[in-house]
Protein chains: 2
Amino acid sequence: MLVRGEPVVRGVLEATLEELALVGYGALRIEDVAARAGVNKTTIYRRWPMKQELVDAALHSVTVARIIQPDTGSLRGDLLEIGRHMATLMSSAEGQALRRILIAEERNPEFMAIAGLLRESMDALPLPVIEAARTRGELAPGLESVLPFQVLAASVQHRLFMERRGIDEGYLEQLVDLILLGALAPDKRK
Amino acid sequence: MLVRGEPVVRGVLEATLEELALVGYGALRIEDVAARAGVNKTTIYRRWPMKQELVDAALHSVTVARIIQPDTGSLRGDLLEIGRHMATLMSSAEGQALRRILIAEERNPEFMAIAGLLRESMDALPLPVIEAARTRGELAPGLESVLPFQVLAASVQHRLFMERRGIDEGYLEQLVDLILLGALAPDKRK
């Protein structure tokens, strides 16, 4: 798996994800992560004193740390960029491993608390894009402004993993245009 | 699990889903389904000569056979009805078992072929609702008309299983209104 940052940090976080995918959260041991990364376990404990912190950092390294902040000048352009980028991330080996880990651990309360923190960080990511769109006067009044981004993420994920269909530019444009313009005929809006 | 239809058919399809959840598609044996359902295995073979047909019927019994066809007189009303119903189905014990089976078998090509047929049947379900909306002149011209239903299903599923948040009436209305009206301010549409 590919994680950015200093080489040692990167090696440890990659090793954490690999161990997590292999043995699960409950059985994950810092010793095994250290052995896999080829570092002393004190190197890990110094930076991440608790297993939760290490796993949290590993999950962030392949999600939050990878997400781009587009600035195309329009909400449509930004949504398309985000959609393309999410499709690439989710289709990658890390994206698929992460999905399997999240599903495998969905009944583990300690892991789900970490996943909840990850979700909060993810929810905050589109805020600059939302703010820019609001400044340009692009957003419909009264709109729950995180919703378009959640719908985009849900639809990309559903298409890739449940429908098992690819995401091409044509699909992405239809999806973004539905999110922006809605399904109703213009004369049926009030 | 609760399956509708004649008692014997119902018992066999319920037993099929239970075995599927327990041993997986590859290891599923008609003999074990028969034993679980308390019927002779020839009773099963007579109706479903192949394992694929039995599994296909079992998957349909908790999905396609359960989906309602709303007729509220408006696309908004119909989407809300479908959303409520999907949230109930997906949250049920059968819905959760089905999701786990689909995920567990996602790398089994024979099972995925059956899941592909199921998806085609699911995609056809909103056609009467789409047709009614088109007749009332409610749909935007040029819209890929299955897309709003896929986005609704994806969003409900994502919220329940990935975000682990409930679906209440307030969320459902916001979601349906986004799908119908879009996120753009009225003066930004061209």
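So that the names make sense, note that chain A is the first sequence line, chain B the second, and so on, each numbered from 1.
- Atom-to-atom distance recorded for B:Glu163:CD and A:Gln150:CD is 4.5 Å, nearest 0.5 angstrom.
- Proximity to chain B is limited to the side chain of A:Pro141, based on heavy atoms less than 4.5 angstrom apart.
- A:Val146 and B:Leu160 fall within a single hydrophobic cluster, where Ile, Leu, Val, Met, Phe, Trp and Tyr are joined by side-chain heavy atoms under 4.5 Å apart, directly or via other members.
- Linking Ile, Leu, Val, Met, Phe, Trp and Tyr residues whenever their side-chain heavy atoms come within less than 4.5 Å places A:Tyr45 and A:Leu54 in a single cluster.
- Only the side chain of A:Gln157 comes within contact range of chain B, with at least one heavy atom under 4.5 Å from a heavy atom of that chain.
- In this structure, no portion of B:Arg134 lies under 4.5 Å from any heavy atom of chain A.
- By the rule that hydrophobic residues join a cluster once side-chain heavy atoms approach within less than 4.5 Å of another member, B:Ile67 and B:Leu172 end up as members of separate clusters.
- Looking at B:Leu79, there are no atoms closer than 4.5 Å to chain A (heavy atoms on both sides), in backbone or side chain.
- Of the two parts of A:Leu139, the backbone and the side chain both hold a non-hydrogen atom closer than 4.5 Å to a non-hydrogen atom of chain B.
- No more than 12 heavy atoms of other residues, nucleotides or ligands shown are found within 6.0 angstrom of NZ on B:Lys41.
- In this structure, chain B has a heavy atom under 4.5 Å from the side chain of A:Asp123, while its backbone stays farther away.
- Your options are B:Gly137, B:Ala133, B:Gly116, and the one with the most heavy-atom pairs under 4.5 Å with chain A is B:Gly137.
- With contacts defined as side-chain heavy-atom distances shorter than 4.5 Å, the pair A:Arg164/B:Glu106 qualifies.
- No other option in A:Leu147, A:Leu175, A:Leu152, A:Asp177 has as many heavy-atom pairs under 4.5 Å with chain B as A:Leu147.
- With a 4.5 angstrom heavy-atom cutoff, A:Arg76 does not touch chain B via any of its atoms.
- Atoms CG and CG, on B:Leu178 and A:Leu180 in that order, are 9.0 Å from each other to the nearest 0.5 Å.
- Of the listed residues B:Ala185, B:Gly142, B:Pro186, the one with more heavy-atom pairs under 4.5 angstrom with chain A than any other is B:Ala185.
- B:Met122 and B:Ile130 fall into different hydrophobic clusters, defined by Ile, Leu, Val, Met, Phe, Trp and Tyr side-chain heavy atoms under 4.5 Å apart, directly or through other members.
- Linking ILVMFWY residues whenever their side-chain heavy atoms come closer than 4.5 Å, directly or via other members, places B:Val8 and B:Val55 in the same cluster.
- Taken from CD1 in A:Ile103 to CZ in B:Arg100, the straight-line distance is 11.5 Å, to the nearest 0.5 Å.
- With chain B as partner, the option from A:Ala115, A:Ala154, A:Ala153, A:Ser145 having the largest number of non-hydrogen pairs under 4.5 angstrom is A:Ala154.
- Of all heavy-atom pairs between B:Met162 and A:Leu102, the closest is CE-CD1, 4.0 Å.
- The most heavy-atom pairs under 4.5 Å with chain A, out of B:Leu143, B:Leu181, B:Val156, come from B:Leu181.
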